[in-house]
Student: 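Below: one structure in structure tokens.
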Amino acid sequence: MEQHKLTIDMSDATIEQLRDHHFALFGMHAIATSASGAPTIWLSVHYLERHLEVAWSETYSMFTTRHATQVPSTKVVATHNYPAPLGSVLTVAGNDGAGIVTPGGPAGHMEIDNAGRVELGAGLCAHDTHGMYQPVGIFDLVDVDLFQPVPKVAFFFSPIPHMAGEIATRSLGPGVLLDYQMARNRSLEIEYDLHNGWSTQNRPFARPIAANEPLNPLLLIRSSALQALAMQRQRTTSR
């Protein structure tokens, strides 16, 4: 379990305007995958303060759902959810997405095998700021899907109400993509101003996200290496 933290410093004027217009902070988590899918809102923070600290643990689960829609603004609801460490395999046999978790998957990855005949939705969840498992994306589960959490997160302030698990294929407003591979002690700091946006200059760990920018290329890393590994794992499990 790895604790990560983000500190956002804001002026009194920015905080006052954010509160007056009912803004909230929303976060989305990057992931590498062998499957096609769509990113989802992972966390939300509604209590805003001048020196805002957002903390979460990189703790994961694998989920399945019978409703595999990837339509934007739809909320993903897990039918089954299985907390597990990296390197685990979820073998799904039931038509409703029920399965069994075992060790033996590729190191640093999560594997979901569909041993049944029904196409399902699946993906990874990660702990949010409240320690609740929330989906970081929704993906087609046909045969074998592989997932690898990527230490990059996107944050947005938005006055529009959103929910954790909601599919979002475009940015919720001007945002920032933070690379925690560059974080010392898994902690980053950044400033935000309502008029000037995120202070990304001279911060190699921060990349600005434009309003309405497509999020799939930023948050879903469709890996050819994982696709090849998934095909190899599929041949192994089908023997």
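Model, not experiment: these values are computed from the prediction.
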Student: Is Glu16 paired with Arg50 through a side-chain N to carboxylate O contact shorter than 4.0 Å?
Tutor: no
Student: Check whether any side-chain heavy atom of Val45 sits under 4.5 Å from a side-chain heavy atom of Leu52, and report yes or no.
Tutor: yes
Student: Does any part of the side chain of Ile221, heavy atoms only, come nearer than 4.5 Å to the side chain of Ile31, both counted from C-beta?
Tutor: no
Student: Strictly by modelled atom types, are Thr7 and Glu189 linked by a side-chain donor-acceptor pair under 3.5 Å?
Tutor: no
Student: Salt bridge or not for Arg170 and Glu213, using N-O below 4.0 Å?
Tutor: no
Student: Side chains of Asn114 and Glu119: is there a donor and an acceptor less than 3.5 Å apart?
Tutor: no
Student: Roughly how far, to the nearest 0.5 Å, is CG of Asp145 from OG1 of Thr33?
Tutor: 5.5 Å
Student: Got Pro149 and Leu124 here, is their nearest side-chain heavy-atom distance under 4.5 Å?
Tutor: yes
Student: Cluster question for you: counting only ILVMFWY and a side-chain heavy-atom cut-off of under 4.5 Å, with indirect links fine, are Ile167 and Phe139 together?
Tutor: no
Student: Quick check on side chain to side chain contact (heavy atoms under 4.5 Å, CB included): which of His4, Gln134, His130 does Trp56 satisfy it with?
Tutor: His4
Student: Between Thr169 and Asn216, does a side-chain contact (heavy atoms from CB on, under 4.5 Å) hold up when you go through it step by step?
Tutor: CA-CA 6 Å; Thr169 57; Asn216 285 45; 3.9 Å; yes
Student: Can you name the nearest heavy-atom pair linking Ala84 to Met110, along with the distance?
Tutor: O-CE, 3.1 Å
Student: Kindly say whether the aromatic ring centers of Phe63 and His80 come within a distance under 6.0 Å.
Tutor: no
Student: Tell me whether the centres of the aromatic rings in Tyr133 and His127 are closer together than 6.0 Å.
Tutor: yes
Student: To the nearest 0.5 Å, what is the distance between CZ (Phe147) and OG (Ser34)?
Tutor: 6.5 Å
Student: Measure across His29 and Val136 and return the closest heavy-atom pair with its distance rounded to 0.1 Å.
Tutor: CB-CG1, 3.6 Å
Student: Aromatic contact between Trp42 and Phe156, with the criterion being ring centroids under 6.0 Å apart: yes or no?
Tutor: no
Student: Would you check if there is a donor-acceptor pair between the side chains of Asp96 and Thr79 at a distance under 3.5 Å?
Tutor: no
Student: Would you mind reporting whether His21 and Phe157 have side-chain heavy atoms less than 4.5 Å apart?
Tutor: no
Student: Glu49 and Tyr47: side-chain donor and acceptor closer than 3.5 Å?
Tutor: no
Student: Can you tell me how far the CD1 atom of Ile8 sits from the CG atom of Leu6, to the nearest 0.5 Å?
Tutor: 4.5 Å
Student: How long is the span from the CG atom in Leu90 to the CG atom in Leu141, to the nearest 0.5 Å?
Tutor: 8.0 Å
